[in-house]
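Note sheet for the following structure.
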Amino acid sequence: MSLTRMVFGIMTMGAVILLAWGPVSAQAPPCEKQSIPGGGVTVDVTFLKESGPSPAFRVVLDTHSVDLDTYRFEEIVRLRDGRGGEVAPTAVESAEGSGHHREATVRFAWPEPKPKILELVVKGVAGVPERVFRWTAE
């Protein structure tokens with residue numbers, strides 16, 4: 001094997017590893033569901049724009065191979081505040097499901113100042129460090 005082919009192969013493998021283990025993100029208009037698969041689990045999130053005075057999101061965890069009962073929405077879901085910080089949910093409502101399908105509505109207080117872009121982060125599900133979902137707040 002030539003040195004050039006070996007270097008190319010190493011660089012390609014490095015890029016694949018970085019893409020597989022780095023943060024994954026999506027962006028959509030309000031009220032549109034976003035989905036990010038990884039580690040055998042798909043996370044679906046919908047920004048419930050018309051749900052009241054505080055931001056709320058419907059978070060769904062779905063799989064055919066991973067036991068999802070160990071994941072607590074209070075611990076794995078955060079809202080980024082636009083200044084580099086993260087806010088924990090103020091409430092987890094309508095939690096349902098077990099085993100291979102779980103879902104809940106997760107509600108937050110608005111960070112101050114109110115960000116123009118909302119970033120909801122789901123952390124540590126099925127070996128994926130974080131999945132980032134983005135919407136405009138206006």
Side-chain angles (χ1 to χ4, degrees):
M1 177 186 305
S2 72
L3 180 61
T4 304
R5 289 178 71 181
M6 187 168 62
V7 169
F8 178 75
I10 292 170
M11 290 176 62
T12 301
M13 187 59 85
V16 168
I17 290 170
L18 286 174
L19 289 173
W21 289 104
V24 183
S25 66
Q27 184 166 350
C31 300
E32 186 172 314
K33 179 176 78 173
Q34 298 180 34
S35 297
I36 300 177
V41 176
T42 298
V43 179
D44 297 328
V45 179
T46 305
F47 173 31
L48 306 174
K49 186 170 174 109
E50 305 302 324
S51 70
S54 61
F57 304 85
R58 190 71 184 163
V59 179
V60 178
L61 308 177
D62 201 21
T63 185
H64 293 289
S65 59
V66 177
D67 181 11
L68 300 172
D69 288 339
T70 61
Y71 297 108
R72 296 176 40 91
F73 291 102
E74 303 84 353
E75 296 171 358
I76 64 170
V77 180
R78 294 291 182 261
L79 184 67
R80 294 224 167 112
D81 65 9
R83 295 174 293 162
E86 295 179 350
V87 178
T90 57
V92 174
E93 305 164 347
S94 304
E96 56 188 51
S98 65
H100 297 279
H101 180 84
R102 300 210 34 235
E103 60 185 277
T105 298
V106 183
R107 191 172 301 278
F108 296 86
W110 279 110
E112 290 295 331
K114 184 176 174 182
K116 294 182 185 210
I117 301 291
L118 290 175
E119 284 190 352
L120 185 84
V121 183
V122 178
K123 295 183 172 200
V125 175
V128 178
E130 65 179 35
R131 302 169 206 235
V132 182
F133 302 85
R134 291 183 180 95
W135 295 266
T136 56
E138 301 167 358

Gly39 versus Ala126, closest heavy-atom pair with distance: O-CB, 3.3 Å
Heavy-atom closest contact (Gly38 atom, Val128 atom, distance): C-CG2, 3.8 Å
Distance in Å, Thr90 OG1 paired with Glu74 CD, rounded so as to fall on 0.5 Å steps: 11.0 Å
Side chain Arg102, main chain Tyr71, donor-acceptor under 3.5 Å: yes
Trp135 side chain reached by Val45 side chain, heavy atoms, under 4.5 Å: yes
Under 3.5 Å donor-acceptor, Arg131 side chain and Thr42 backbone: no
Spacing of Lys114 atom NZ and Asp81 atom CG [to the nearest 0.5 Å]: 14.5 Å
Closest non-hydrogen atom pair between Pro115 and Gly82, with its separation: CB-CA, 4.4 Å
Gly99 versus Asp69, closest heavy-atom pair with distance: N-OD1, 2.8 Å
Atom pair NE2 (His64) and NE2 (His100), whose distance is rounded to the nearest 0.5 Å: 9.0 Å
Side-chain heavy atoms of Asp44 within contact of Phe133, under 4.5 Å: no
Test: Arg80 and Glu119 ion pair at under 4.0 Å: yes
For Leu61 against Val43, the heavy-atom pair lying closest together: CD2-CG2, 3.7 Å
Flag side-chain contact, heavy atom, 4.5 Å: Ile117 against Thr136: yes
Flag side-chain contact, heavy atom, 4.5 Å: Leu79 against Pro55: yes
From Arg107 atom CZ to Phe57 atom CZ, the distance as rounded to the nearest 0.5 Å: 10.5 Å
Ile36 side chain near Gln34 side chain, heavy-atom distance below 4.5 Å: no
Side chains of Arg83 and Pro113 in contact at under 4.5 Å (non-hydrogen atoms): yes
Atom pair CZ/CZ of Arg78 and Phe108 - distance to nearest 0.5 Å: 7.5 Å
Between NZ on residue Lys123 and CD on residue Glu75, distance to nearest 0.5 Å: 12.5 Å
Val60 vs His101 side-chain heavy atoms within contact, under 4.5 Å: yes
Backbone N/O of Ser65 and side chain of Thr63: donor-acceptor pair under 3.5 Å: yes
